[in-house]
Amino acid sequence: MKISVIIPTYNRANFLIETIDSVLNQTVKVDEILVIDDGSTDNTKDLLKEIKGINYIYQENKGVSSARNKGVAIAKNRWICFLDSDDIWEDTKIEKQIKFHNLNPDILFSHTGEHWLFNGKTIKQKKHQIKPYGFCFKENIPLTLIGTSTALLHKSIFEDIGLYDENLEVCEDYDLWLRVLYKYELGYIDEKLIKKIAGHQGQLSFTTALMDRYRITALLKHINSDFKEEVIKEIIKKSDILINGAIKHNNKEIEEFYKKLLKEVFI
């Protein structure tokens, strides 16, 4: 298996070296490391000049989806891994995923467990956060349970279902994984093979309000799918949360938008 690793980054120079080192130090080496700099204004470019074994690409700031899509487009290899620039791989991550796919050649998409750290402290994962596997579109409707930095997938999947939706400010991973899981089986390595670092400034999940707006946008793509009933149920649930929040904060625009959306869903 020849693997390209795509690392999108934006003003994360203080995290990036450890992230890249975790790829370079794998027990089985990858074939290509693409660092897509999405318009950083810190010292990212100068920092990476001294690192051998990476391909550094700079683009004007267009968002993480654009950066990942660029990586997929220029990747030389047919197997793709993503790694966020503040996450860290355990040194056997690639070795164990390659072994899994060699044993399961019909599965083109896999993920692993995660070790979650928030401000340096371990976060215990709850029962509803247990990682899925198999044909599990339905299980991922409420909330995606696939960590982007754990994923390994074949490029043919993107050629089939498309790339990241660059119109989504956040929840782009939720949208992509739903589209993938609708058609493809998901493999799982039940080991915590990445460290997911949270709690620092600049994370979109902490700075973007009303994230369910973007999840609803993703769900609407599946409104006429084989899971129509489950999708509509989740759209109603998320819309009700947004409406109640809008009423509480006297946000008439959001309140009316999602009330109108619910009427259209029921038609």
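Only this structure's heavy atoms are used, side chains among them; waters, hydrogens and symmetry mates stay out.
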**Student:** Would you say Y10 and Y56 are hydrophobically clustered, going by side-chain heavy atoms of ILVMFWY under 4.5 Å?
**Tutor:** no
**Student:** Any idea how F227 and Y182 line up, ring-wise: parallel (<30°), tilted (30 to 60°), or perpendicular (>60°)?
**Tutor:** perpendicular
**Student:** Are I17 and L48 side-chain neighbours, meaning at least one heavy-atom pair lies under 4.5 Å?
**Tutor:** yes
**Student:** Set out, in order, the CA-CA distance, both residues' side-chain angles and the distance that settles salt bridge (charged side-chain N to carboxylate O under 4.0 Å, His left out) for K195 and D87, then state yes or no.
**Tutor:** CA-CA 6 Å; K195 293 178 182 176; D87 290 340; over 6 Å; no
**Student:** Ring centres of F137 and H222 under 6.0 Å apart?
**Tutor:** yes
**Student:** Checking H111 side chain against G147 main chain: does a donor-acceptor pair fall under 3.5 Å?
**Tutor:** no
**Student:** Checking the side chain of S22 only, and the main-chain atoms of W89 only, is there a donor and an acceptor separated by less than 3.5 Å?
**Tutor:** yes
**Student:** Please name the pair of heavy atoms, one in V231 and one in S225, separated by the smallest distance, quoted to 0.1 Å.
**Tutor:** CG2-OG, 4.4 Å
**Student:** How far apart are the closest heavy atoms of Y58 and E60, and which atoms are they?
**Tutor:** CE2-N, 4.2 Å
**Student:** Does a salt bridge link K96 with E191, judged by any charged N lying under 4.0 Å from a carboxylate O?
**Tutor:** yes
**Student:** Could you check whether any side-chain heavy atom of I94 comes within less than 4.5 Å of a side-chain heavy atom of V23, counting everything from C-beta outward?
**Tutor:** no
**Student:** Looking only at heavy atoms, which two atoms of D175 and A218 are closest? And how far apart?
**Tutor:** OD1-CB, 3.5 Å
**Student:** Hey, does the side chain of S239 reach the backbone of I235 with a donor-acceptor pair shorter than 3.5 angstrom?
**Tutor:** yes
**Student:** Which is it for E139 and K131 under the salt bridge (charged side-chain N to carboxylate O under 4.0 Å, His left out) test, yes or no, and what are the steps along the way?
**Tutor:** CA-CA 10 Å; E139 289 82 354; K131 299 292 186 179; over 6 Å; no
**Student:** Below 4.5 Å, heavy atoms only, C-beta onward: do D86 and K196 meet side chain to side chain?
**Tutor:** no
**Student:** Between E169 and Y214, is the side chain to side chain contact (heavy atoms under 4.5 Å, CB included) condition met? List the steps.
**Tutor:** CA-CA 8 Å; E169 182 180 343; Y214 302 94; 2.9 Å; yes
**Student:** I'd like to know if L145 and L152 are part of one continuous hydrophobic network [Ile/Leu/Val/Met/Phe/Trp/Tyr, side-chain heavy atoms within less than 4.5 Å].
**Tutor:** no
**Student:** What heavy-atom pair brings F15 and S85 nearest, and what distance separates the two atoms?
**Tutor:** CB-O, 3.3 Å
**Student:** Listing request: all salt bridge (Lys or Arg N to Asp or Glu O under 4.0 Å) pairs with a residue in residues 233-252, at least two apart in sequence or in separate chains.
**Tutor:** D212-K238, E234-K238, K252-E255
**Student:** Among the clusters formed by ILVMFWY side chains lying less than 4.5 Å apart, do L143 and V170 turn up in the same one?
**Tutor:** no
**Student:** Verify side chain to side chain contact (heavy atoms under 4.5 Å, CB included) between D160 and Y184, making sure each step is shown before the conclusion.
**Tutor:** CA-CA 11 Å; D160 180 22; Y184 289 92; 2.6 Å; yes
**Student:** State the NZ-CZ distance between K183 and F135, to the nearest 0.5 angstrom.
**Tutor:** 11.5 Å
**Student:** Can you see which heavy atom on S40 is nearest to which on N11, and at what distance?
**Tutor:** OG-N, 2.8 Å
**Student:** Which atom pair, heavy atoms only, marks the closest approach of I254 to L242?
**Tutor:** CG2-O, 4.2 Å
**Student:** Heavy atoms, side chains only, cut-off 4.5 Å: are V30 and C81 in contact?
**Tutor:** no
**Student:** Between CG of L153 and CD1 of I3, what distance do you get to the nearest 0.5 Å?
**Tutor:** 11.0 Å
**Student:** Scan for salt bridge (Lys or Arg N to Asp or Glu O under 4.0 Å) pairs involving residues 14-42, sequence neighbours excluded, and state none if there are none.
**Tutor:** K2-D31
**Student:** Has E185 got a side-chain atom pairing as donor or acceptor with L108's backbone, closer than 3.5 angstrom?
**Tutor:** no
**Student:** Using only atom types and a distance under 3.5 Å, with no angle test, would you say the side chain of S4 pairs donor to acceptor with the backbone of I80?
**Tutor:** no
**Student:** With ring centroids as reference points, do Y164 and F82 lie under 6.0 angstrom apart?
**Tutor:** yes
**Student:** Measuring from atom CG of N104 to atom NZ of K99, what distance do you get when rounded to the nearest 0.5 angstrom?
**Tutor:** 11.5 Å
**Student:** Would N55 and V35 count as a side chain to side chain contact (heavy atoms under 4.5 Å, CB included) if you check the C-alpha gap in whole Å, the side-chain angles of each, and the deciding distance to 0.1 Å?
**Tutor:** CA-CA 6 Å; N55 187 1; V35 180; over 6 Å; no
**Student:** Given T112 and T150, is the side chain to side chain donor-acceptor pair (under 3.5 Å) satisfied, shown in steps?
**Tutor:** CA-CA 5 Å; T112 79; T150 75; 4.5 Å; no
**Student:** Calculate, to the nearest 0.5 Å, the distance between atoms CG and CG belonging to N140 and L178 respectively.
**Tutor:** 6.5 Å
**Student:** Are I6 and I54 grouped together when hydrophobic residues (ILVMFWY) are joined by side-chain heavy atoms under 4.5 angstrom apart?
**Tutor:** yes
**Student:** Please tell me whether F109 and H154 form a close aromatic pair, meaning their ring centres lie under 6.0 Å apart.
**Tutor:** no
**Student:** Can you get from I223 to I236 by hopping between Ile, Leu, Val, Met, Phe, Trp and Tyr side chains that sit under 4.5 Å apart?
**Tutor:** yes
**Student:** Is the closest side-chain heavy-atom distance between W79 and K155 below 4.5 Å?
**Tutor:** no
**Student:** Go through the steps to decide whether R215 and T144 satisfy the test side chain to side chain contact (heavy atoms under 4.5 Å, CB included), and finish with yes or no.
**Tutor:** CA-CA 10 Å; R215 294 190 183 103; T144 186; over 6 Å; no
**Student:** Can you measure from CD1 (I36) to CG (L34) and round to the nearest 0.5 angstrom?
**Tutor:** 5.0 Å
**Student:** If you define the side chain from C-beta out and look only at heavy atoms, does anything of I194 sit under 4.5 Å from H115?
**Tutor:** no
**Student:** Between the side chains of R68 and E172, is the shortest nitrogen-to-carboxylate-oxygen separation below 4.0 Å, so that they form an ion pair?
**Tutor:** yes
**Student:** Within the 4.5 Å heavy-atom criterion, are Q59 and K70 side-chain neighbours or not?
**Tutor:** yes
**Student:** Within the distance-only criterion (no hydrogens, no angle test), does the side chain of S149 pair as donor or acceptor with the backbone N or O of D84 below 3.5 angstrom?
**Tutor:** yes
**Student:** Do D165 and S65 pass the side chain to side chain donor-acceptor pair (under 3.5 Å) test, and can you show the C-alpha distance, the side-chain angles, and the key distance before you say yes or no?
**Tutor:** CA-CA 7 Å; D165 186 341; S65 291; over 6 Å; no
**Student:** Nearest 0.5 Å please: distance from the CD atom of E159 over to the OG atom of S156.
**Tutor:** 6.0 Å
**Student:** Side-chain contact test, heavy atoms from C-beta onward, threshold under 4.5 Å: evaluate it for L193 versus T92 and give yes or no.
**Tutor:** yes
